[in-house]
> 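Starting off with a structure, shown below.
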Protein chains: 2
Amino acid sequence: MNTVAPVKISFKQQMLQAREDAIIRAVNQLLAEKGFEAMTVDEVAAQVGIAKASLYKHFPSKEDLAAAAMAHLMGQAQAFLDTVPLALSPLDKLRTVVRWTMGLKLGGEMPSLPSQNSTLRATLMGNRAYMDGLVDVSDRLGGWIEAAQAQGAINPRLPAIAVLYTLYARACDPVLEFLKMSELHTDEEIIELVLSTCFDGLNAR
Amino acid sequence: MNTVAPVKISFKQQMLQAREDAIIRAVNQLLAEKGFEAMTVDEVAAQVGIAKASLYKHFPSKEDLAAAAMAHLMGQAQAFLDTVPLALSPLDKLRTVVRWTMGLKLGGEMPSLPSQNSTLRATLMGNRAYMDGLVDVSDRLGGWIEAAQAQGAINPRLPAIAVLYTLYARACDPVLEFLKMSELHTDEEIIELVLSTCFDGLNAR
DNA sequence: GTCTATATAGCGATAGAC
DNA sequence: GTCTATCGCTATATAGAC
């Protein structure tokens with residue numbers, strides 16, 4: 001008698017999950033397009049094709065919408081890290097990840113949040129999925145950074161945390177969009193250019 | 001008979017200028033603290049100590065307030081460029097300027113604007129003082145960049161415009177505030193750290 | 001859970017007296 | 001030019017029917 005119920009529940013949950021996935025995709029795109037402050041909940045609802053009040057049944061606030069999008073992004077990052085070839089050197093692993101984040105940014109799929117909004121920060125830090133993902137990603141990148149420094153591939157005199165921040169910052173680097181606006185280079189050229197300035201620096205070698 | 005009038009006019013203009021300077025200082029600080037969207041005109045008026053309606057007698061919109069602050073920043077930048085020792089190499093001149101911008105940022109004096117807001121962009125581009133300052137600063141930095149590349153100090157294979165954007169981006173680099181929040185380094189150490197990653201890159205040399 | 005309709009509040013901008 | 005008071009709009013969030 002309880003052989004059917006799990007299926008019905010699972011189906012309902014699948015519908016719920018699909019709806020929430022659609023919401024998160026819309027939020028992700030709008031966050032990438034206009035940023036958190038300029039994104040309105042009405043736009044999100046319109047893009048998903050549901051009423052605004054329905055949105056609030058899924059997520060209790062605009063901040064939680066953004067946090068869910070960031071948690072989703074962390075999940076994507078974790079999945080990408082799993083695909084990075086083990087055979088690569090730690091340095092090349094890091095370069096691969098940074099290439100991926102810059103590709104997302106140039107493709108308009110990288111949500112951007114203001115680092116100054118305090119209520120948003122509180123919601124983010126209260127989101128377990130996001131925080132767990134962030135810690136996992138940071139740990140794995142941190143391991144590669146330390147390995148690359150031990151090999152002498154990355155400057156060992158730089159604090160590992162500074163290297164990590166520098167790599168994260170490439171995901172929201174305004175140089176990417178400025179170069180894209182100039183329309184002088186393809187996305188791939190822009191990525192290799194910024195990757196070069198990031199790892200090799202501006203100075204001649 | 002016209003020996004007094006100019007003085008009275010000049011005095012009035014001085015008062016006006018002083019008032020507008022106070023406004024711009026307030027806008028600059030609030031823009032650095034909270035960004036354009038989070039800054040409210042009421043806060044600006046309160047900080048200056050005048051009524052909001054009085055603000056609108058000086059500047060016709062919130063966007064114009066921000067543009068005036070950016071124009072003031074460009075004036076500061078031009079003044080700083082004048083103080084850079086001629087004896088320095090082009091590379092060291094650039095490093096000096098970037099150090100200065102990062103010091104402003106860490107000191108909470110670097111106004112930050114969203115690069116996506118279209119009406120703000122329009123107001124900025126319609127502000128002659130800002131645009132003229134930006135062009136002048138960019139020209140002078142561009143000259144130093146090309147000289148440094150000709151000397152082989154800066155990688156000649158990088159487009160000069162990409163180098164310019166990369167230097168500008170240090171003024172709003174989130175790595176600065178993240179390192180400051182970690183409270184592991186002094187402002188000077190942070191500046192030298194980011195300066196090193198910018199010019200020397202992450203890779204070991 | 002989804003909808004329509006509405007409450008509530010904050011903000012940019014203005015009216016009008018002085 | 002400065003003030004007080006207010007308009008008009010937009011945006012987050014909610015009430016209540018279905």
Side-chain angles (χ1 to χ4, degrees), chain A residues 8-24 26-27 30-31 33-69 113-114 116-124 126, chain B residues 8-24 26-27 30-31 33-69 113-114 116-124 126:
Chain A
K8 287 184 75 171
I9 289 175
S10 170
F11 177 71
K12 272 191 181 174
Q13 285 179 342
Q14 276 186 13
M15 295 302 293
L16 192 85
Q17 191 62 43
R19 169 67 47 100
E20 297 200 344
D21 281 353
I23 294 172
I24 287 173
V27 171
L30 287 169
L31 282 182
E33 234 172 61
K34 342 176 49 168
F36 179 75
E37 326 251 9
M39 175 187 83
T40 71
V41 179
D42 289 85
E43 285 172 331
V44 177
Q47 177 122 348
V48 179
I50 63 177
K52 179 167 53 170
S54 305
L55 258 189
Y56 278 95
K57 298 287 183 178
H58 290 272
F59 300 94
S61 75
K62 182 184 177 182
E63 282 77 13
D64 286 281
L65 279 174
L113 299 184
Q116 296 157 324
N117 185 324
S118 61
T119 76
L120 179 57
R121 282 188 68 86
T123 304
L124 274 175
Chain B
K8 285 183 79 171
I9 291 175
S10 170
F11 177 72
K12 271 191 183 177
Q13 285 180 342
Q14 276 186 12
M15 294 302 293
L16 192 84
Q17 190 62 41
R19 171 64 47 97
E20 297 199 343
D21 281 353
I23 294 172
I24 287 173
V27 171
L30 287 168
L31 282 181
E33 237 172 59
K34 341 175 50 168
F36 178 76
E37 326 253 7
M39 175 186 83
T40 72
V41 180
D42 290 85
E43 285 172 331
V44 177
Q47 177 123 351
V48 179
I50 63 176
K52 180 164 55 169
S54 304
L55 258 189
Y56 278 95
K57 298 288 183 179
H58 291 271
F59 299 95
S61 74
K62 182 185 177 181
E63 283 76 16
D64 285 282
L65 279 174
L113 299 183
Q116 296 154 325
N117 185 323
S118 62
T119 75
L120 179 57
R121 281 189 69 87
T123 304
L124 274 175

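Residue numbers start from 1 in every chain, and the chains themselves are labelled A, B, ... in the order their sequence lines are given, proteins ahead of strands. Given the structure is predicted, the values throughout are model-derived calculations rather than measurements.
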> Whole angstrom is fine here: how far is it from NZ in B:Lys52 over to P in C:dG12?
7 Å

> Applying side-chain contact (heavy atoms from CB on, under 4.5 Å) between B:Leu120 and each of B:Glu37, B:Lys62, B:Glu63, report the one that passes.
B:Glu63

> Rounded to the Å, how far apart are B:Glu37 CD and C:dG10 C1'?
15 Å

> What nucleotide among D:dA13, D:dC3, C:dC11 has an atom nearest to a side-chain atom of A:Lys62?
D:dA13

> Which of the following nucleotides, D:dT2, C:dA13, C:dC11, is nearest to the side chain of B:Thr40?
C:dC11

> Please give, in whole Å, the distance from D:dA11 C1' to A:Phe36 CZ?
12 Å

> Please find the pair of heavy atoms, one from B:Ala69 and one from B:Leu31, that lie closest to each other, and give the distance.
CB-CD1, 4.1 Å

> Can you figure out which of C:dC11, D:dG1, C:dT4 approaches the side chain of A:Ala51 most closely?
C:dT4

> Could you tell me how far apart A:Asn117 (CG) and D:dA11 (C1') are, to the nearest whole angstrom?
15 Å

> Whole angstrom is fine here: how far is it from CZ in B:Phe59 over to P in C:dT14?
16 Å

> Nearest to the A:Asp42 side chain among D:dA11, D:dG1, D:dT4, which nucleotide is it?
D:dA11

> Whole Å only: how far is the CD atom of A:Glu63 from the C1' atom of D:dA11?
12 Å

> Check whether any side-chain heavy atom of A:Gln116 lies under 4.5 Å from a side-chain heavy atom of A:Arg121, and answer yes or no.
no

> Are B:His58 and B:Leu16 close enough that some pair of their side-chain heavy atoms sits under 4.5 Å apart?
yes

> From C-beta outward on B:Ser54, which listed nucleotide comes closest to its side chain: D:dT14, C:dG12, D:dT2?
D:dT2

> Quick one: A:Leu55 CG to C:dG1 C1', roughly how many Å, whole number?
12 Å

> Pick base, sugar-phosphate or nothing for A:Met39, based on heavy-atom distances below 4.0 Å to the nucleic acid.
sugar-phosphate

> Tell me, which pairs form a salt bridge (charged side-chain N to carboxylate O under 4.0 Å, His left out) where one or both residues lie in residues 43-54 of chain B, sequence neighbours left out?
B:Lys34-B:Glu43, B:Asp42-B:Lys52

> When you check the phosphate oxygens OP1 and OP2 of C:dA13, does a side-chain N or O of B:Tyr56 lie under 4.0 Å from one of them?
yes

> B:Arg19 side chain: which of D:dT2, C:dG1, C:dA15 is closest?
D:dT2

> What nucleotide, of C:dT4, D:dC3, D:dT2, holds the atom closest to the side chain of A:Ala53?
C:dT4

> Rounded off to whole Å, could you give me the CG-to-C1' distance for the A:Asp64 and D:dT14 pair?
16 Å

